[in-house]
Amino acid sequence: MPTLNWIGKDAVVNHHHDVPFRTLEKEYTFGADDSDNKIIHGDNLEALKALLPEYEGRIKCIYIDPPYNTGNENWVYNDNVNSPKIRKWLGQVVGKEAEDLTRHDKWLCMMYPRLKLLQRLLSDDGAIFISIDDNEQANLKLICDEIFGAGNFVAECIVQSNSSKNNANNVSVTHEYLFVYAKNLEQLPKDWQVKKNNSDEFKKRAKFLFGNNLSLEDIHKELLALVKYPRFFEFDHYTYADERGPFRASDLTAPGSTKYFDIIHPITNKPCKTGTRGWGFSEEEIQRLIKENRILFGENELVVPQLKNHFYEHETSLPKSVLFFDTQNSTKFIKRQGFDFQFPKPVELLEYILQFATNHDSIILDSFAGSGTTAHAVLNLNKQDGGNRKFILVEMENYAEDITAERVRRVIKGYGEDKNAVEGTGGSFSFYELGEPVFNEDGYMNEKIGREKLCEYIWYTETRTPYATAIQPNKYLLGIHQDTSYYFYYEPEKITTLSHDTLNIISEKAETYVVYADQCVIDKEWLSAHNIIFKKIPRDISRF
């Protein structure tokens, strides 16, 4: 298999092992008293390492939108690898060689250890989705083949938008890429299905409108005359819509069945175009449909809003490798909320991914959280289908509280006023900062983090499973795993000694006993004969 080499690769291939394990310190919870949803502020490399004890192998779906490495240093979300934090990290990890790195070398050094940790967090039946553009698309493919395995490559999707992000003289680039990799392709569910989108439904409806004897080419030509934008349709003479699709004003049979009122566009706050006869529903009905998210608005008020066609809502199809999403609406939404953040991902893109890549109780991780679109999509989808999906967001920039968390708060409780009001999704989250490392600079166990965090860490290194804080028969017992009982004989204020007099700390019967203590005075042969393994604090506590 072809591999990619770059300056600094040797220093970062195994760097994820050297990243210090840090604790996560809860700052507050918004919503319920406690929440499994997390927003973490801090370096995502250290945050991913800190998530391992609780989440290794448990994340069903990962979505990341890493820096595209365009070289643009003026973007609020550092779209380059020359930020002070990255430069400092490269100098520490890569060393003097870092002085000769190109921006592509730096980007690869930054991404590689993060992808290694993401691969460990992903469940065996899970998948990772990575947005990228032409700057690093080829490099990303090669390192993902190396980390996830070329055999676990699922797809490279084209995400077409109505936004051009460059000043090219020859070609206006209006697409990005979405890489999809499985943790284990053989275990990835084979029944990925998505509800057919409005484009598919409209094509079916068009065949009804234009006649069944038309060829697909003719129908396509007719559609092109109607379609203003790939997901939003201007009906021209078809100014009404119901559950069967669009119909003409002349099709109305009941005199006075409509009245004139404005539908306000949620982004531009201007009245939407309607045609000559108003709308096919009462104002009360229209407002109800908007609240139920059954009205599709165009990119501005000049596009006639369309009723989402539920006639085919139970039909599904395989996810497509070419996708269309309105990126401009996402940017306008962020600006309307008063946030200074450029090029947020469309929440519809994340909802599209989550509907086929997750179950109702899945955990979703986004370690380049940005404005918090992933959490927005999770909360929306839970509200729509009654699911209990959980999200974990990691954001290293200082806007993690003012933009990322604030956006999620507004989604949960609702936002907007009067006709533009959007009902909250409900839900909750806890906000975390990175805490103390488990080991200090001298390599000694950091007692400042407290007994519970030490227990959590040791249990994970021994069992690779989350630590349960259930009440045990004695305070030194961590738990029993695969017929081995684990004891942490630790006292902050004194030296603990495993001796015949203190063997009573072993209270639960098991095949094997692992005991951590400061020292042991029992003969090794006697310990072996009784299936007791002594491990010294802190020498024998693993660094992972």
Side-chain angles (χ1 to χ4, degrees), residues 24 26-40 47-48 50-64 118 121-129 182-183 187-189 191-195 291-294 313-314 316 319 345-367 369 371-395 404-415 422-432 456 465-470:
L24 294 175
K26 185 187 297 184
E27 298 294 310
Y28 65 85
T29 295
F30 178 83
D33 293 337
D34 201 2
S35 177
D36 291 330
N37 293 323
K38 292 179 171 66
I39 299 178
I40 304 168
L48 291 173
L51 288 170
L52 284 175
E54 186 175 358
Y55 293 102
E56 182 170 9
R58 296 181 59 206
I59 307 295
K60 176 72 169 178
C61 177
I62 297 173
Y63 171 80
I64 59 171
L118 288 168
L121 287 161
L122 199 59
S123 66
D124 288 339
D125 62 348
I128 183 172
F129 298 78
K183 176 73 170 281
Q187 295 191 42
L188 194 70
D191 58 348
W192 275 2
Q193 293 286 311
V194 292
K195 290 181 180 179
K291 287 185 177 181
E292 293 177 358
N293 194 29
R294 291 188 58 192
E313 69 177 348
H314 298 299
T316 60
K345 281 293 177 286
V347 68
E348 294 86 359
L349 170 61
L350 271 300
E351 290 179 12
Y352 182 85
I353 293 170
L354 296 178
Q355 69 170 295
F356 65 80
T358 69
N359 303 320
H360 280 200
D361 58 353
S362 296
I363 304 172
I364 297 95
L365 169 64
D366 183 348
S367 57
S371 68
T373 302
T374 298
H376 192 160
V378 169
L379 292 165
N380 277 355
L381 204 57
N382 281 345
K383 183 179 180 182
Q384 292 170 24
D385 63 16
N388 190 35
R389 301 169 186 83
K390 300 299 182 182
F391 62 79
I392 303 171
L393 305 186
V394 182
E395 179 51 56
T404 313
E406 177 59 23
R407 176 182 181 179
V408 178
R409 278 192 287 269
R410 295 184 191 184
V411 171
I412 289 172
K413 67 184 180 181
Y415 55 89
V422 177
E423 183 180 340
T425 60
S428 61
F429 70 88
S430 293
F431 189 87
Y432 293 80
E456 175 185 313
T465 62
Y467 178 63
T469 57

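Remember, predicted model here, so these are calculated numbers, not experimental data.
When atom types are taken as modelled, the side chain of Ser123 and the backbone of Ile59 share a donor-acceptor pair closer than 3.5 angstrom. With hydrogens and angles disregarded, no donor-acceptor distance shorter than 3.5 Å links the side chain of Ser428 to the backbone of Ser35. Judged purely by atom type and a 3.5 angstrom limit, Lys183 uses its side chain to pair as donor or acceptor with the backbone of Leu122.
Residues Thr404 and Glu395 share a closest heavy-atom pair of OG1-CG, 4.0 Å. The two residues Leu381 and Gln355 come nearest to each other via the heavy atoms CD2-N, 3.9 Å. Across all non-hydrogen atoms, the minimal contact from Ser367 to Ile64 is OG-CG2, 3.4 Å. When every heavy atom of Ile40 is checked against every heavy atom of Ala47, the shortest pair comes out as CG2-CB, 4.1 Å. Nearest heavy atom pair, residue Lys38 against residue Tyr55, reads NZ-OH, 2.7 Å. Taking all atoms of both residues into account, the shortest heavy-atom contact from Leu188 to Gly126 is CD1-O, 3.6 Å.
Tested against Thr373, the residues Arg407, Lys345, Glu348 include a single side chain to side chain donor-acceptor pair (under 3.5 Å) partner, Arg407. Looking at Ile363, Ile392, Leu51, Ile128 one by one, the single match for side-chain contact (heavy atoms from CB on, under 4.5 Å) with Leu121 turns out to be Leu51.
Ion pairing between Asp125 and Lys60 holds under the 4.0 Å rule for side-chain N and carboxylate O.
Atom CZ in Phe356 sits 6.0 Å away from atom CD1 in Ile353 (nearest 0.5 Å). Atom-to-atom distance recorded for Tyr432:OH and Glu27:CD is 10.5 Å, nearest 0.5 angstrom. How far CG of Leu24 is from CD of Glu54: 8.5 Å, rounded to the nearest 0.5 Å. If you take NZ on Lys390 and CG on Leu365, they are separated by 15.5 Å, rounding to the nearest 0.5 Å. Atom-to-atom distance recorded for Ile39:CD1 and Asp366:CG is 10.5 Å, nearest 0.5 angstrom.
Atom NZ of Lys291 is surrounded by 12 or fewer heavy atoms from other residues, nucleotides or ligands within 6.0 Å.
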Decide yes or no on side chain to side chain contact (heavy atoms under 4.5 Å, CB included) for Leu379 and Ile412, but give the supporting numbers first. CA-CA 7 Å; Leu379 292 165; Ile412 289 172; 3.7 Å; yes
Is there a side chain to side chain contact (heavy atoms under 4.5 Å, CB included) between Lys383 and Glu423? Walk through the geometry before answering. CA-CA 11 Å; Lys383 183 179 180 182; Glu423 183 180 340; 3.6 Å; yes
Set out, in order, the CA-CA distance, both residues' side-chain angles and the distance that settles side chain to side chain contact (heavy atoms under 4.5 Å, CB included) for Leu350 and Ile364, then state yes or no. CA-CA 11 Å; Leu350 271 300; Ile364 297 95; over 6 Å; no
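The aromatic rings of Phe431 and Tyr28 sit parallel to each other, their planes meeting at less than 30°, with 60° as the upper class boundary.
The ring of Phe129 has its center no closer than 6.0 angstrom to the ring center of Tyr63.
At least one side-chain heavy atom of Val378 sits under 4.5 Å from a side-chain heavy atom of Leu354. Proximity of Arg58 to Pro466: side-chain heavy atoms (C-beta onward) are separated by under 4.5 Å at one or more points. Using a 4.5 Å heavy-atom threshold, the side chains of Val408 and Phe391 count as touching. The side-chain heavy atoms of Pro346 and Tyr352, taken from C-beta on, include no pair separated by under 4.5 Å.
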